[in-house]
Amino acid sequence: MQRTHKTQDMSHLKQPLFFFLLSAIAFANGFAVHGQNPLRLWYQEPASSWMREALPSGNGYMGVMIFGSPDKEHIQFSEGSLWAGGPGSGDRYNFGLPENASGALDTVRKLLEQGLTAEAEDHMRKHLTGEIHSRPDLSFGDYGAQQAMGDIYVETGHSAAPGTYIRELNLEDGRIRIRYFDGKTRHLRTIFGCYPERAMVYRFENDRPGGCDYRISHSSPHPTDSLMFRDQTLMHYGHVNDNGLAFLSSITIETDGIVTYREGMAGVADATFLVLKHTAHTAYKNKYPEYRNPEWEKDALTGIESLQRTDYAMLEHIQKEDYQRLFSRVSLNIQGPSYDTIPTDRRLEAHAGGQTDPQLEVLMFQYARYLMISASRKGAMPMHLQGKWNNSTDPPWACDYHTNINLQMLYWPADVTNLQECNVPLFDYLRQLVIPGSHTAANFYRCRGWVVHTMNNAFGYTAPGWDLPWGHFPAGAAWLTKHMYDYFEFTGDTAFLRQTALPLMKEAALFWMDYLKPGPEGFLVSSPSYSPEHGGISRGASMDHQIVRDLFNNILKAGEVLKIDKHGFEPFRKIRDSIAPLQIGRWGQLQEWLEDADDPETRHRHVSHLFALYPGSEISLKGTPQLAEAALTSLRARGNDGTGWSLAWKINLYARLQQADTAHRLIRKILTPVKEESVQMDKGGSYSNLLCAHPPFQLDGNMGLAAGIAEMLVQSHEGMIRLLPALPAAWPSGSVSGLKARGNLTVDLQWQDGRITEFTIHGTPGQSVMVSSGKDIIQFQLPANGVIRSASNH
Ligand code: FUC
């Protein structure tokens, strides 16, 4: 039995207890006090559904879901590098590369040339698909799946008195708080992720003289290797059964109570506060071909010791600095009524019922930024389909890295909403895909360079998927390197361009130099190709051509910026200019394929052929008005339904086409309340915790929506900054600050009754900037302080 930290400084308690008094008044009056802070999600009941109601928190590495029951807190958690599958998953994992692939490509191409598509697809299915091997309990065999790690339960033995319970997530400080009164005692829980300490922090406090009792237990869906308690720390060693990947989850207790431990359960008695400092590590390392870190346990124990030395007040301080530094860079205000006094779930329903609530749209925008800060930080894995939140060992689509839209969309808002650092896990992941991706390129296609396809895991699986046609999408790597070039354009970081981006871009381009082949009319075409995830295998899916043209363009621009020998770049120019161009088809649409085969009746969720409009920039209203018109025709034909991410993509596309009110209608559509948790293809919306519903929960929709809102306010893809290119009637007046534009520029902007009243651009002294704020285009040279402030009445 041990009593710890009894004499510690309690001053940090004052602030939360003060807060507490405020909410006590709110309880007494039967309503909550919130007017001051519209950036929060809040509820009057604990969560019962993980997907729809629990609130997400994270420290970049770990994703945690908080349920908030007074009698038993449930903390469900996952760590991004805990995966089943890959090396050690049986003995047949081979990165998806079958032995008989090479040589099949020529036959497939010939069959396609002869118009024998069914035969071509059949031959590909036999020879040009990746290989997986079945494993117990895993839908995708030794390809594996991201894994939930465990659950922590904190039992209290009390319940909340009726009408006293509030559960909230405050985006301003990145903390979840749960407050209630149990009839005698007031309770407050504060939960946050602290990235620099790689910690999750859960604090329980109460105002009962003599304190309360708590019982803490830890469980996991994976086999436990050992469970121990030392130095106030509950340590849970386990491993993934499938591949033996080891992990350690630890909870260090800080309290003024009496701590006991018996058979896996820690008891804390007579505590006025209890802090659980939680961290998780795995033996995974993103390094081909083993994907293991032999030093992992040493690293984990060093991290745990650091956490044992760092008290709550310090963790709070570190989290505050780290979180605020990122989150506070962008502020968005849209004038309109404030409905923050209505719980978020009811507010969502009211919005769907027609209530004008632009603040809810702002909340969604900032929520995406909170989620990215919580889920994507240097050193960690990139965000998967559910970010870092996963409560399953066999999650939908393996919670993997889908590169035919999803992984890209997850990172769309990173640059423009001023969270550039959050790109780093994606870039690190891409770097590690180059070696396995080059084996895939050689193995299937005898091509140089690197390639990835539709589904990618944590273990270098870059082969085509194990079935067709969905599995064939060789443009994934080229598309992903666009993020690197965009990062350069937004930050102006030429060292990054030279050392990291350009080498990966060139390797991706090498693949395409070999893969493109002359097609009809002498143009180079992608063959075999597939327009995700629509139609069948064919020659010349437009999306491939658009992505590759974009890649080659970016390489040429990089060559100019870095002043690298022009002649070395000539082949890129030659190939770029020979790729089959965009085409307008028989009903005025942008063609999805080489042949004019688009069906005006299809409502398919993927709009792959509109890549050139967004995220690409080959099509623009000003630069290519006819193609823009064709893109609009195609987009309209697809309708305004779809999965969460499909709606989000359409917001960005309509923003580029300056169809503001349609873009806004789609924002409202994403805010449709959804209860469905199983896979649906045309019922996108949001759960009451505002996580986007594919359904099921898929984070790309949250991120795509935030990128879309930014794109409605500021665009910078045409060599100029466009202010308010797609301002909907529903947002007549407002302001935004901190959005980024290409050229490492930062934009602040105010508007009133649909007109810009003032804007400020921050950049480098002497930099020349073009701004379009309506009809006029103004050219500036930034003065010595690098800031231009302008009032305008356009
Ligand atoms: C693509 C989409 C699906 C889903 C999956 C994760 O295959 O077509 O709708 O989002 O990725």
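Just so you know, ligand 1 is whichever comes first in the structure, and atom 1 is the first atom listed for that ligand. What you are looking at is a predicted structure, and each value in this text was computed from that prediction instead of being measured.
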Quiz item: Under 30°, 30 to 60°, or over 60°: which ring-plane class applies to Tyr515 and Tyr445, parallel, tilted or perpendicular?
Solution: perpendicular
Quiz item: Using 30° and 60° as the class limits, which term best fits the ring planes of Phe459 and Tyr291: parallel, tilted or perpendicular?
Solution: perpendicular
Quiz prompt | Under the side chain to side chain donor-acceptor pair (under 3.5 Å) test, residues paired with Tyr530 that sit two or more places apart | solution = none
Exercise. Just jot down the side chain to side chain contact (heavy atoms under 4.5 Å, CB included) partners of Gln76, sequence neighbours excluded, or say none.
Key: Trp50, Met65, Phe67, His74, Ala148, Asp151, Asn391
If you look at each N/O of ligand 1, which protein N/O atoms lie under 3.5 Å away, and at what distance?
unit_1	atom_1	unit_2	atom_2	d
ligand 1	7 (O)	Glu533	OE1	3.4
ligand 1	7 (O)	Glu533	OE2	2.3
ligand 1	8 (O)	Glu533	OE2	3.3
ligand 1	8 (O)	Arg605	NE	3.3
ligand 1	8 (O)	Arg605	NH2	2.9
ligand 1	8 (O)	His606	NE2	2.6
ligand 1	9 (O)	Arg605	NE	3.0
ligand 1	9 (O)	Trp645	NE1	3.3
ligand 1	9 (O)	His694	NE2	2.7
ligand 1	10 (O)	Asn406	ND2	3.2
ligand 1	10 (O)	Trp645	NE1	2.9
ligand 1	10 (O)	His694	NE2	3.3
ligand 1	10 (O)	Gln698	OE1	3.4
ligand 1	10 (O)	Gln698	NE2	3.0
ligand 1	11 (O)	Asn406	OD1	3.1

Quiz item: Hey, does Gln698 have a side-chain heavy atom less than 4.5 Å from the side chain of Cys692?
Solution: no
Quiz item: Under the side chain to side chain donor-acceptor pair (under 3.5 Å) test, which residues partner Ser57, sequence neighbours left out?
Solution: none
